[in-house]
Each structure stands twice: as C-alpha cells, then as structure tokens.
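Remarks on the structure that follows.
Computation of the quantities below employed the complete heavy-atom set of this structure, encompassing side-chain atoms and omitting hydrogens, waters and symmetry-equivalent molecules.
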Amino acid sequence: MKRSVLTRYRVMAYVTAVMLLVLCTCMIFKYGFDKGEGLTLVVSQVHGVLYIIYLIFAFDLGSKAKWPFGKLLWVLVSGTIPTAAFFVERKVAREVEPLIVDGSPATAKA
C-alpha cells in the first residue's frame, strides 16, 4: 500500500472531525441562543460534502488494508461522532503504518 492512501485518509479524518466540532458549535448557537441559522446551514452542507470524501478515502484505505467489515464500519461511522475521528485516526495510522511499502526504487547490486 502506498503512503498517499494513508495520508489522504488522515487529512480527511482531521478535516471532517474539525468541521463536525464547528457544526456542533453552530447547532448550539442555533438552537440554544437563536443565532446563526444561515451559518449553521452552510457549515452542515460543507461538513456533509467533506464527510462523503472522508467515506471514500476511508473505504479505499480499508479495502487496501483488508479490514473486516466491523472495523471498516467503525472507521466510517467515526466521522459522525464528535472527537471520535481524532482517536480512530491515531489508532488506524499505527496499525496501517507497517503495511506501507516504501516507494523508492531499489538499486541493483552487481
């Protein structure tokens, strides 16, 4: 597996997790203080698009790492639980790191 597969998963995990925290803050302001309805709509739509990209990258990583269905499902769902993606991403990175093949060309010895 290439390092780029893990890198793009990690980036999207962080971006999705941060956007979910921003969305939760917007929801608190919208329903708790009656402010920011328009911002909440925009943030929720941006988070939705980013979450779809996260799903694609996480599924790609899971299929290349040959995860069982339960583990893949947990990684996919972690993007919907505030702060869970931070912890799941860290664990996934530690587990997948040994599977990464170094992409540098081998030198032939005579």
Q) With side chains defined as the heavy atoms from C-beta onward, is the minimum distance between Trp67 and Leu61 less than 4.5 Å? A) yes
(Q) Suppose the criterion is side chain to side chain donor-acceptor pair (under 3.5 Å): which pairs have a residue in residues 47-56, not counting sequence neighbours? (A) Tyr54-Ser78
Q.
Determine whether a donor-acceptor pair (N or O, by modelled atom type, separation under 3.5 Å) exists between the side chain of Thr80 and the backbone of Val77.
A. yes
Q. Are Phe86 and Val18 side-chain neighbours, meaning at least one heavy-atom pair lies under 4.5 Å?
A. yes
Q) With sequence neighbours left out, which residue pairs that include part of residues 16-26 fulfil the salt bridge (charged side-chain N to carboxylate O under 4.0 Å, His left out) condition? A) none
Q.
Working to the nearest 0.5 angstrom, can you tell me the gap between Leu73 CG and Phe59 CZ?
A. 11.5 Å
Q | salt bridge (charged side-chain N to carboxylate O under 4.0 Å, His left out) partners of residues 8-18, not counting sequence neighbours, each pair once | A | Arg8-Asp60, Arg10-Glu89
Listing, residues 20-38 side-chain donor-acceptor contacts under 3.5 Å, not counting sequence neighbours, or none:
unit_1: Thr25; atom_1: OG1; unit_2: Leu21; atom_2: O; d: 3.0

**Q.** With sequence neighbours excluded, residues passing side-chain hydrogen bond (donor to acceptor under 3.5 Å, both in side chains) with Arg90
**A.** none
Q) CE/Met19 to CG/Leu50 distance, rounded to the nearest 0.5 angstrom? A) 6.0 Å
**Q.** Where Lys64 and Val5 come nearest, the two heavy atoms and their spacing
**A.** NZ-CG2, 3.8 Å
(Q) Exactly one of Leu39, Thr40, Leu41 should register a side-chain contact (heavy atoms from CB on, under 4.5 Å) with Val43. Which one does? (A) Leu39
Q) Which heavy atom of Ala58 sits nearest a heavy atom of Val75, and at what distance? A) CB-CG1, 4.0 Å
Q) Tell me the salt bridge (charged side-chain N to carboxylate O under 4.0 Å, His left out) pairs involving residues 40-57, sequence neighbours left out? A) none
Q) Is it the case that one hydrophobic cluster holds both Met12 and Phe87, taking links as side-chain heavy atoms less than 4.5 Å apart, direct or via other members? A) no
Q: Identify the two heavy atoms, one from Ala13 and one from Ala85, that lie closest to each other, and give their separation to 0.1 Å.
A: O-CB, 3.9 Å
